[in-house]
Amino acid sequence: MKINGQRLIDDLKNLREITATPGQGVTRFSYTEEDRRARDYLARVADVYGFRMETDAIGNIRIYPPESKGSTIIGSHIDTVRNGGWLDGIYGVMSGMEALRAFADHGAQTDAALMVYAEEEGSVFGSTMTGSKFLTGKYGKADLTTLKDEQGATLKEHLETCGYLSAGNDNTDFRMDFSSVRCALELHIEQGPVMDAEGLQIGIVDTVFGMHVLEITYSGLGNHAGASPMIGRRNPMSAFGEAAVVIEKAALEAGHGVVATIGKVVASPGGSNVIPDSVRFTVDIRSNDDARTNETVETIRSLAKEIASRRNIDCTIRDAADSSAIPFSRNVIDRMAELAEEQGINYRVMDSGAVHDTAMLAPYTEAGMIFVPSINGRSHVPEENTREEDLIRGAQFLKDFIEAFK
Ligand code: HGY
Ligand code: MN
Ligand code: MN
């Protein structure tokens, strides 16, 4: 039973146009106009096929064929980073939809359901995998008001504005019921260089990296850029510059695939002729071994504090996000490998440096992920791309695995 590959590619090209930054990659943040337009697109497709579409209080979407009770969850996300790529997340969502349509087109029954996890990127609230963290109880009612966007608006306010959470609703339990779930699957682009470099067609994910995000704020003495002598300055930007170099060195010295990234820096007030009074920056630290990740986190935390005290700068550090390294189900991995062998596919079992919602579900149900190559290993950038034949092969493999995994 073949999927309709051209239909999948057409969907992805249509959805690529739903962006707040046309011509500069895809920017589709959760709970925005672009998010709503993408949801409407899914609703139109579901409607044509008579699939049920439900949105929960956090904005997670479930799409079921009429006969399905959702024992197989096919998931991914539709939100993006700023100026991101056209495939991250949405490829897995539309491939899952294509699998459901293929079953329907061929009159076949399936017990699979599509899950669109809300706010996976954390672009709005700074914490990745938000929707799946509510589904698995890692986040609860308190986080509706502790998670805030850059302007200080809470997740609760966004959900009420979108109509997902009715005002005053005492919906204290956002967890999904896993009692009838057999497995959770996700198809995704690799977002790294391995598959493209090795000419692989399918990646079978073994472990999803754990990640810990520190938000460090250096506060010094704001002042005039010209009239303030260099001696005696308490410049948080200089402290940040020193921290950036030692943080990179700490990750390199940790080895074993540990990565650390400073991706966001905000100087305030941010004038070129003003010594900033504060500089706030994030450090995203990951590896496939929690002990190593935590060791690197603590090394970075103490380095940041040492720089601050030596420079007479105040330093506050907030733990903004935290998730463990997650191994996927050995049974799912082995069965995916069997299918790839049967189909003569060039595959490899590999880790994922990117985090994914399906990893959040792994402690509650058998779970696994399938990768397709990213050209030149680029992702989270407008240049993100994958060959159409790889996109179609990945979606076909997902559909075949749903059928084979009895
Ligand atoms: O950051 C990640 O790994 C994912 O793209 N949210
Ligand atoms: Mn991403
Ligand atoms: Mn993603």
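Every number for a ligand or one of its atoms is a count from 1 in the order of the listing. Numbers here simply count residues along the sequence, with the first being 1.
- With sequence neighbours excluded, the residues forming a ring pair (Phe, Tyr, Trp, His ring centres under 6.0 Å) with F240 are F281, listed by chain and number.
- Within the 3.5 Å criterion, the main-chain N or O of I189 finds no donor-acceptor partner in the side chain of Y91.
- Judged by distance alone, the side chains of T110 and S68 never bring a donor and an acceptor atom under 3.5 Å apart.
- Counted within 6.0 Å of CZ on R52, heavy atoms from surrounding residues, nucleotides or ligands total more than 12; the atom is thus considered enclosed.
- Between Y364 and F178, the ring planes lie parallel to each other; the angle is under 30°, not in the 30° to 60° tilted range.
- Taking the six-membered ring where the residue is Trp, F405 and F401 present parallel rings, their angle staying beneath 30° rather than reaching 60°.
- For H380, the closest heavy-atom approach to ligand 1 falls below 4.0 Å.
- If you number the atoms of ligand 1 from 1 as listed, the ones under 4.0 Å from a heavy atom of E121 come out as 4 (C), 5 (O), 6 (N).
- Those atoms of ligand 1 with a heavy atom of A354 less than 4.0 angstrom away are 3 (O).
- Distance from atom 1 (O) of ligand 1 to its nearest protein heavy atom, with residue and atom name: R286 NH2, 2.8 Å.
- Here H77 reaches the Mn ion (ligand 3): one of its N/O/S atoms is less than 2.8 Å from the metal.
- Considering backbone and side-chain atoms together, M211 places no N or O closer than 3.5 Å to any N or O of ligand 1.
- The name of the N, O or S atom in D88 nearest to the Mn ion (ligand 3) is OD1.
- Vertex the Mn ion (ligand 2), arms ending at OE2 of E121 and NE2 of H380: the angle is 110° after rounding to 10 degrees.
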